[in-house]
Structure formats: structure tokens, C-alpha cells
Amino acid sequence: MVRYLAKKAISWFVTIFLATNITYFLANYFLDPTSTYVGRRPPLPREQILSTLQPLNLNPEENIFVRWWRWITGIVTNWDWGYAPLGTPVGEEISYRIWVSAQLLLGATIIAVLIGIALGVFTAGRQYSGWDRVVQGIAIFALNLHIVVAGMLVVLLALWINNAAGVRLLYVTGAASLDVEGFWPRMVDILQHLTLPTIALVATSFAGYYFMQRSLLLDNIEADYVRTARAKGLTRSQAIRRHALRTSVIPVATSVAFSIPGIFTGAVLTETIFNWHGMGEYFIKTLAANDVHGVVAVAAFGALTTAIGAILADFLVVYLDPRVRVS
């Protein structure tokens, strides 16, 4: 297992390195940091713009390989990911926004996956029953519910709850309050800010996991190994839980593992609605600002989370499938 993990880590390290460096050259080709200063009043001479960008390693008239070497050396020696065209350190922005996105998205994703799998198992064992039809109807509605609509609905619900209670129980925007001190008051404050976006994300994402789990489980319920288990004395529910579920949950777990990059950088609308300054917002912001170093840092983070997802998927398959573990 250690040798397998080492080989995986080395191969993914090479992939991340190549992807990040290719993105650096592409970003320098397509993005123009000087456009950040265009339109200022009074206008800045181009020489002044270039002299401002030179200390930031963003001067487009300097040799690209000289800039690349300075950039990669800074990362290797000081973990310095460079600066935005206006002088903001990219490393500080990334570290802050990763934490914000993790708070917002990881909890919601875990809850959505657990609810989806649980409902898929529950309804697959009761196919065509009343419960099956009710849950399918709710899931179809949720699957077609846009995150913007879900966000607006939970905001209206929160405003009604706050008005009815006469005190602010739920916060509509922001990740945390600035004037809260103490461990437990901070935890309560974070939960007050997390509740609404978490509900909106779970409501729009659990249905996909539910339909996948239900479909896969129905395919395995009548499999030969499940029939054999029932012939040995297991009840239908026991055979499903111990055998069919273990096989059918593998594709769901793999799908979740590989969705990690999209989870962090794809929640642009959710972050916009609830005013959370996470990775999704930062990615759009860097593109709009022609922030070469910011775009490359986001791409590197995406490559890293893809590698983590791939390795995690391999371990989940080994853990859930005895045949793979033996081989």
C-alpha cells in the first residue's frame, strides 16, 4: 500500500507541475495585466505602467522565460505565488478563500451525499411504493431547482423567521461577523451564517446522488450474489445492506471524489447570493482583472484537488470492493 501510494503521489506531482506551468504560459499569452491600469484619470503613460508591473513580475515586455524562472523559483524557495496587478499577494488570497469555500461547501456536500444515498437505499428497497413515488417527485423538483431560486427562497424564509422571532437568528449574507469574540460565540455565529447557503446547496444537489444510488442499487438487487445471500438465510433488507449496497455505492463514492475541484471553484452563484468570498468568486475575479498569478494559483489548486480526489477514489474502491483489495 505504501509503494502504491508513493507511485500515485509521484505521478500526480508530475501532472500538477506540468498543468500549473502550462497554465502559466497560457495565462501570460491571453491575459494582459496592463489593461488593469487602462482608463484611469489622469491616464498613466505606458512606461509608468510597465515600471509598476516590473516589481510584481508582470511586465509583459520582459522575456517570458525570465518571468517564469523568477516565478517558479519564488514558489519553490519561499512558497510565494506572486502578486496581482494591483500588488495584492496571491498566496494570502488563496489561503483565505480556500478556508471560506471549505466552510461553505464541504459540509453541504457531505450532507447532500448522505441524504442522497440514504434516500436511494430507502426507495430502492420499496420500488413503486408510495414512499418511492413521493421521494422521486421531491427529487425531480429539486433536480430542476436552480441555485438562484433556492437561494432566494431560503433568504425569504430566513427573513420571515427573524421577523417572527424578533431577533436575528439567521444571517443572510457574509461568512462571519467581525465583532464576535470567544470560541463558542464564534461557533454559533458561524452556524448562523452557514445555515442558509448549506440548505440551498443541499436542496439543489442531493437529488443527483439520490437518482444515481437508486438506479445502481436496483441494478444490483437481483444480481446472483444477492440471490445467493438470500438463499443462505439473509432477509431482503440484510442482503441489500451487506452486499448490494457495498457494490452500488462505489460509483457514487468515485463521483463524489472526482467532484472535489468543481465543489471548490464552481459555487460562483452561491457565493454571490450569500456574499461569501470563496474560490469561485476569486476565480472569476482573477480572470476579469487579468491577474496572471491568481489564475495560475487557482489552476494549481484545481489540479491538486483533482489529484486528491483521484487518490481518494482509488482508496474508496479498494475499501468497498474486496475483489480489488485482493488483486
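We use all heavy atoms of the structure for the numbers below, so side chains are in, but hydrogens, waters and symmetry mates are not.
- Although no hydrogens or angles enter the test, the distance criterion places no donor-acceptor pair under 3.5 Å between the side chain of S255 and the main chain of P251.
- Between the side chains of S177 and D189, at least one donor-acceptor pair of N or O atoms lies under 3.5 Å.
- Taken to the nearest 0.5 Å, the OG1 atom of T198 stands 10.5 Å off from the CG atom of L106.
- Between the side chain of S95 and the backbone N or O of E92 there is at least one donor-acceptor pair closer than 3.5 Å.
- Closest approach of L53 to P60, counting heavy atoms only: CD1-CD, 4.3 Å.
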Practice item. Please test F283 against V268 for side chain to side chain contact (heavy atoms under 4.5 Å, CB included), starting from the C-alpha separation and ending with a verdict. Key: CA-CA 9 Å; F283 180 51; V268 179; over 6 Å; no
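- Taking the side-chain hydrogen bond (donor to acceptor under 3.5 Å, both in side chains) definition, one finds that W68 meets it with N21, sequence neighbours left out.
- Judged purely by atom type and a 3.5 angstrom limit, D80 uses its side chain to pair as donor or acceptor with the backbone of G82.
- Residue V202 comes nearest to A108 through the heavy atom pair CG2-O, 3.5 Å, listed as atom of the first residue, atom of the second, then distance.
- For the atom pair OG1 of T195 and CD1 of I190, the computed distance is 11.5 Å after rounding to the nearest 0.5 Å.
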Practice item. Evaluate side chain to side chain contact (heavy atoms under 4.5 Å, CB included) for V90 paired with Y83, printing each intermediate quantity in order. Key: CA-CA 5 Å; V90 170; Y83 295 87; 5.5 Å; no
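- For S101 (side chain) and M279 (main-chain N/O), a donor-acceptor pair under 3.5 Å exists by modelled atom type.
- Taking the six-membered ring where the residue is Trp, Y171 and H193 present parallel rings, their angle staying beneath 30° rather than reaching 60°.
- When side chains are defined from C-beta on, L169 counts as touching V167, because their heavy atoms get closer than 4.5 Å.
- When all heavy atoms of A150 and L145 are compared, the closest pair comes out as CB-CD2, 3.8 Å.
- Listed for the T88 side chain is no donor-acceptor partner under 3.5 Å among the backbone atoms of A84.
- Between H277 and Y96 the shortest heavy-atom distance is O-CE2, 4.0 Å.
- One finds the CG atom of L191 at 10.0 Å from the CD atom of Q103 (value rounded to the nearest 0.5 Å).
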Review point. Can H146 and T204 be said to form a side chain to side chain contact (heavy atoms under 4.5 Å, CB included), step by step?
Key: CA-CA 7 Å; H146 198 277; T204 55; over 6 Å; no
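- When all heavy atoms are compared, the tightest approach of N57 to R67 is ND2-O, 3.0 Å.
- Checked by atom type and distance alone, the side chain of R214 never pairs as donor or acceptor with a backbone atom of T123 at under 3.5 Å.
- A donor and an acceptor atom, one from each side chain of N59 and Q54, are located under 3.5 Å apart.
- Rounding to the nearest 0.5 Å gives a distance of 8.5 Å between CG of L31 and CG of D291.
- The number of heavy atoms from other shown groups lying within 6.0 Å of CD (E61) is above 12.
- Taking both residues in full, the closest heavy atoms of T270 and P197 are given as CG2-CB, 4.4 Å, listed atom of the first, atom of the second, then distance.
- Using a 4.5 Å heavy-atom threshold, the side chains of W71 and V296 count as touching.
- In the hydrophobic clustering of this structure, M212 does not group with F122; members are Ile, Leu, Val, Met, Phe, Trp, Tyr whose side-chain heavy atoms approach within less than 4.5 Å, directly or through other members.
- Looking only at side-chain heavy atoms (C-beta outward), I115 and Y209 stay at 4.5 Å or farther from each other.
- Annotation: side chain of T306 is in contact with side chain of W12 (closest heavy-atom distance under 4.5 Å).
- Judged by distance alone, the side chains of N290 and T36 never bring a donor and an acceptor atom under 3.5 Å apart.
- Under the 4.5 Å side-chain heavy-atom criterion for ILVMFWY residues, a single connected hydrophobic cluster contains both I94 and I72.
- One finds a salt bridge joining E281 and R97 here, because a Lys/Arg side-chain nitrogen approaches an Asp/Glu carboxylate oxygen to under 4.0 Å.
- A heavy-atom distance below 4.5 Å is not found between the side chains of I117 and F206.
- Between the CG atom in L159 and the CG atom in L196 there is a gap of 8.5 Å [rounded to 0.5 Å].
- Aromatic ring centres of W81 and W79: separated by under 6.0 Å.
- Criterion: ILVMFWY side-chain heavy atoms under 4.5 Å apart, direct or through other members. Under it, I111 and V154 are not part of a common hydrophobic cluster.
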Exercise for review: Please test Y282 against V100 for side chain to side chain contact (heavy atoms under 4.5 Å, CB included), starting from the C-alpha separation and ending with a verdict.
Suggested key: CA-CA 11 Å; Y282 184 64; V100 171; over 6 Å; no
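- Looking at heavy atoms from C-beta onward, I98 lies in side-chain contact with F301 at the 4.5 angstrom threshold.
- Proximity of L104 to F274: side-chain heavy atoms (C-beta onward) are nowhere separated by under 4.5 Å.
- Put simply, CZ on F141 and CG on N144 are 9.0 Å apart, with the number rounded to the nearest 0.5 Å.
- Between the side chain of N162 and the backbone N or O of L170, at least one donor-acceptor pair lies under 3.5 Å.
- At distances below 3.5 Å, at least one donor-acceptor pair connects side-chain atoms of T20 with backbone N or O atoms of I16.
- At a threshold of 4.5 Å between side-chain heavy atoms, the hydrophobic network of Ile, Leu, Val, Met, Phe, Trp and Tyr places I138 and L114 in two separate groups.
- Ring pair F65/F25 is tilted by interplanar angle, where 30° to 60° counts as tilted.
- Proximity of W276 to L194: side-chain heavy atoms (C-beta onward) are separated by under 4.5 Å at one or more points.
- L143 and I140 fall within the same hydrophobic cluster, defined by Ile, Leu, Val, Met, Phe, Trp and Tyr side-chain heavy atoms under 4.5 Å apart, directly or through other members.
- More than 12 heavy atoms of other residues, nucleotides or ligands sit less than 6.0 Å from atom CZ of R70.
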